[in-house]
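Sequential numbering from 1 along the given sequence is applied to the chain's residues. All values below were derived from every heavy atom in this structure, side-chain atoms included, with hydrogens, water molecules and symmetry-related copies excluded.
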Amino acid sequence: MRIIVDADACPSLESITNIAFKNNIECHLFCDYNHNLNIINAEIHYISEGYQMVDIAISNFIKTNDLLITADYGLACIGLSKNSLVISPSGIVYDNKNIDTLLEQRYLNILNRKQNIKTKKLKKRTKEINKIFLDTLEQLIISNKKEREN
């Protein structure tokens with residue numbers, strides 16, 4: 001297992017890398033050259049800027065049993081297709097049951113924005129959401145370790 005992070009807009013990078021280090025798991029952060037990450041305990045992959053360039057790099061890098069952290073539903077879908085665990089920065093575990101609904105909602109939101117129909121604003125990140133995310137991340141790591149031991 002490796003942790004792969006779509007780091008362009010992911011909060012809690014230090015906490016993620018600390019959890020990876022604590023569990024002796026490789027951690028890879030992907031972002032474009034517009035970011036300057038000063039993070040230890042992770043390999044940082046700087047990708048040329050451009051539409052979907054980071055997502056393409058991640059989709060080429062990720063493999064079975066990796067754990068992907070992303071808020072991008074399209075990238076989450078690719079991770080699931082490669083039999084990876086996928087989690088959002090808010091702690092939602094993506095799976096084959098919920099990804100279709102999330103992709104459909106994204107599509108409907110795009111249609112609404114094109115028609116100038118207002119969509120819900122994103123909630124401000126709270127300490128509670130961050131705790132849920134980090135707890136879920138650790139639970140996924142622990143359950144993956146148990147599965148591999150059996």
Side-chain angles (χ1 to χ4, degrees), residues 1-32 34-47 52-110 112-113 118-150:
M1 169 187 270
R2 304 175 300 173
I3 296 176
I4 314 298
V5 183
D6 184 359
D8 278 340
C10 185
S12 307
L13 292 177
E14 267 190 54
S15 298
I16 293 166
T17 57
N18 288 340
I19 289 170
F21 182 76
K22 179 178 85 173
N23 288 284
N24 197 29
I25 298 172
E26 284 180 44
C27 187
H28 298 268
L29 308 179
F30 284 78
C31 63
D32 66 33
N34 292 317
H35 295 80
N36 184 18
L37 302 180
N38 295 314
I39 304 288
I40 58 172
N41 301 327
E43 185 174 332
I44 301 172
H45 302 260
Y46 288 103
I47 309 301
Q52 303 293 333
M53 294 300 289
V54 171
D55 294 349
I56 292 167
I58 292 172
S59 66
N60 289 329
F61 185 79
I62 197 166
K63 58 186 180 184
T64 300
N65 294 325
D66 283 343
L67 192 156
L68 172 62
I69 301 171
T70 185
D72 183 305
Y73 298 153
L75 184 57
C77 193
I78 292 169
L80 291 172
S81 74
K82 294 192 175 194
N83 295 317
S84 295
L85 297 169
V86 187
I87 182 176
S88 78
S90 58
I92 297 169
V93 178
Y94 300 115
D95 59 29
N96 292 322
K97 295 175 186 168
N98 66 11
I99 195 66
D100 288 337
T101 303
L102 294 168
L103 287 167
E104 181 180 12
Q105 186 60 53
R106 178 182 75 167
Y107 173 71
L108 293 174
N109 287 341
I110 290 169
N112 286 338
R113 284 193 298 275
K118 296 194 184 227
T119 56
K120 290 183 196 177
K121 289 186 177 182
L122 293 175
K123 293 180 184 177
K124 190 174 184 180
R125 189 165 183 89
T126 63
K127 290 180 182 179
E128 291 80 21
I129 291 171
N130 200 52
K131 182 175 179 353
I132 289 167
F133 164 66
L134 295 173
D135 289 347
T136 304
L137 177 61
E138 291 208 67
Q139 289 170 5
L140 285 173
I141 291 169
I142 290 167
S143 65
N144 186 272
K145 280 184 180 180
K146 286 181 181 177
E147 280 181 27
R148 286 197 281 165
E149 288 173 0
N150 291 334

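Here the straight-line distance linking atom OG1 of Thr17 with atom CG of Leu37 works out to 10.0 Å at 0.5 Å rounding. Distance CD1/Ile62 to CG/Leu68: 4.0 Å, rounded to 0.5 Å. Expressed to the nearest 0.5 Å, how far CD1 of Ile58 lies from CG of Leu75 amounts to 5.0 Å. Within the model, atoms CG of Asn98 and OH of Tyr73 stand 9.0 Å from one another, a figure rounded to the nearest 0.5 Å. Atom CG of Asn96 is separated from atom CG of Leu80 by 5.5 Å, given to the nearest 0.5 angstrom. One distance of note links CG of Leu134 with CD1 of Ile129; it measures 12.0 Å at 0.5 Å rounding.
Listed by first then second residue, pairs satisfying side chain to side chain donor-acceptor pair (under 3.5 Å) with a partner in residues 82-92 read Ser88-Ser90, not counting sequence neighbours.
Considering only residues two or more places apart in sequence or on other chains, Glu138 meets the salt bridge (charged side-chain N to carboxylate O under 4.0 Å, His left out) condition with Lys22. Every residue meeting the side chain to side chain contact (heavy atoms under 4.5 Å, CB included) condition with Phe21, not counting sequence neighbours, appears here in chain and number order: Asn41. In terms of the side chain to side chain donor-acceptor pair (under 3.5 Å) criterion, residue partners of His28 (sequence neighbours excluded) are, by chain and number, Glu26, His45. Taking Thr126 as the reference, Glu128 meet the side chain to side chain donor-acceptor pair (under 3.5 Å) condition, with sequence neighbours excluded. Considering only residues two or more places apart in sequence or on other chains, Lys63 meets the salt bridge (charged side-chain N to carboxylate O under 4.0 Å, His left out) condition with none of them. Take Asn65 and apply the side chain to side chain donor-acceptor pair (under 3.5 Å) test, not counting sequence neighbours, and it matches no residue. Not counting sequence neighbours, the partners of Ala57 by the side chain to side chain contact (heavy atoms under 4.5 Å, CB included) test are Phe30, Ile47. Partners of Asn130 under the side chain to side chain donor-acceptor pair (under 3.5 Å) rule, at least two apart in sequence or in another chain, are Ser12, Arg125. Considering only residues two or more places apart in sequence or on other chains, Asp135 meets the salt bridge (charged side-chain N to carboxylate O under 4.0 Å, His left out) condition with Lys131.
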Identify all side-chain donor-acceptor contacts of residues 2-9 below 3.5 Å with residues at least two apart in sequence or on another chain.
| residue | atom | partner | partner atom | Å |
| --- | --- | --- | --- | --- |
| Arg2 | NE | Asp66 | OD1 | 3.1 |
| Arg2 | NE | Asp66 | OD2 | 3.3 |
| Arg2 | NH2 | Phe61 | O | 2.9 |
| Arg2 | NH2 | Asp66 | OD2 | 2.7 |
| Asp6 | OD2 | Thr70 | OG1 | 3.0 |
| Asp8 | OD1 | Asp32 | N | 3.0 |
| Asp8 | OD1 | His35 | ND1 | 3.4 |

Report task. Assess whether side-chain contact (heavy atoms from CB on, under 4.5 Å) is satisfied between Leu140 and Met1, documenting all intermediate values. Result -> CA-CA 11 Å; Leu140 285 173; Met1 169 187 270; 5.9 Å; no
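In this structure the side chain of Phe133 reaches within 4.5 angstrom of the side chain of Ile16, judged on heavy atoms. Counting heavy atoms from C-beta outward, Ile87 and Leu67 have side chains that approach closer than 4.5 Å.
No more than 12 heavy atoms of other residues, nucleotides or ligands shown are found within 6.0 angstrom of CD on Glu14.
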